[in-house]
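Written below as structure tokens is the structure these notes are about.
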Amino acid sequence: MAEHRRHKEAAVDAEDYPRAGRVRDEEKRVERARSELIREWAATVDPVDLAEAVVSLRELVAALRNFRN
């Protein structure tokens with residue numbers, strides 16, 4: 001998606017509006033596909049397991065930040 005944004009911005013900067021429109025349309029298609037994949041994945045995940053994983057990752061990140069300092 002970031003690549004699409006860069007291409008779209010480059011097309012706008014170059015005043016190539018037809019290309020910018022095509023890239024924008026493709027960017028939206030990719031965003032819709034990504035959202036659909038996330039929804040499909042979310043239906044298979046236990047929210048409690050997910051929350052516990054987030055807490056564990058936050059603790060790990062905090063420990064790594066403290067280790068680095």
Side-chain angles (χ1 to χ4, degrees):
M1 289 188 318
E3 182 179 339
H4 282 87
R5 259 184 233 111
R6 283 192 301 273
H7 288 296
K8 180 177 66 180
E9 290 168 4
V12 169
D13 290 345
E15 297 183 6
D16 186 349
Y17 301 115
R19 182 169 58 108
R22 289 189 301 273
V23 174
R24 180 205 59 224
D25 293 346
E26 179 62 15
E27 178 185 19
K28 287 182 179 183
R29 187 195 65 75
V30 169
E31 287 176 356
R32 283 191 303 273
R34 177 181 178 270
S35 293
E36 181 61 30
L37 289 171
I38 290 171
R39 277 193 290 283
E40 289 173 8
W41 170 80
T44 68
V45 176
D46 179 1
V48 173
D49 289 342
L50 184 58
E52 289 174 349
V54 169
V55 169
S56 295
L57 287 171
R58 285 184 175 169
E59 290 171 353
L60 179 58
V61 168
L64 289 171
R65 284 184 176 150
N66 289 332
F67 177 75
R68 208 175 65 186
N69 295 331

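Positions are given from 1 along the sequence.
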Fill in the blank from the handout: Between His4 and Val23, the two heavy atoms sitting closest are O-CG1, 3.2 Å
Exercise for the section: Please report the shortest heavy-atom distance between Ala11 and Arg19, naming the atom on each side. Expected result: CA-NH2, 3.3 Å
Please report the interatomic distance [atom1]([X]) to [atom2]([Y]), rounded to the nearest 0.5 Å.
X     : Y     : atom1 : atom2 : value
Lys8  : Glu3  : NZ    : CD    : 13.5 Å
Arg29 : Glu26 : CZ    : CD    : 4.0 Å
Glu52 : Asp46 : CD    : CG    : 8.0 Å

Problem - Test side chain to side chain contact (heavy atoms under 4.5 Å, CB included) applied to Glu27 and Arg22, Arg32, Arg5, the passing residue - result: Arg5
Problem - Salt-bridge criterion met for Glu36 and Arg39 (N-O under 4.0 Å) - result: yes
Handout entry: side chain to side chain donor-acceptor pair (under 3.5 Å) against Glu15, all qualifying residues, sequence neighbours excluded
Key = none
Practice task
Would you mind reporting whether Arg58 and Val55 have side-chain heavy atoms less than 4.5 Å apart?
Solution key: no
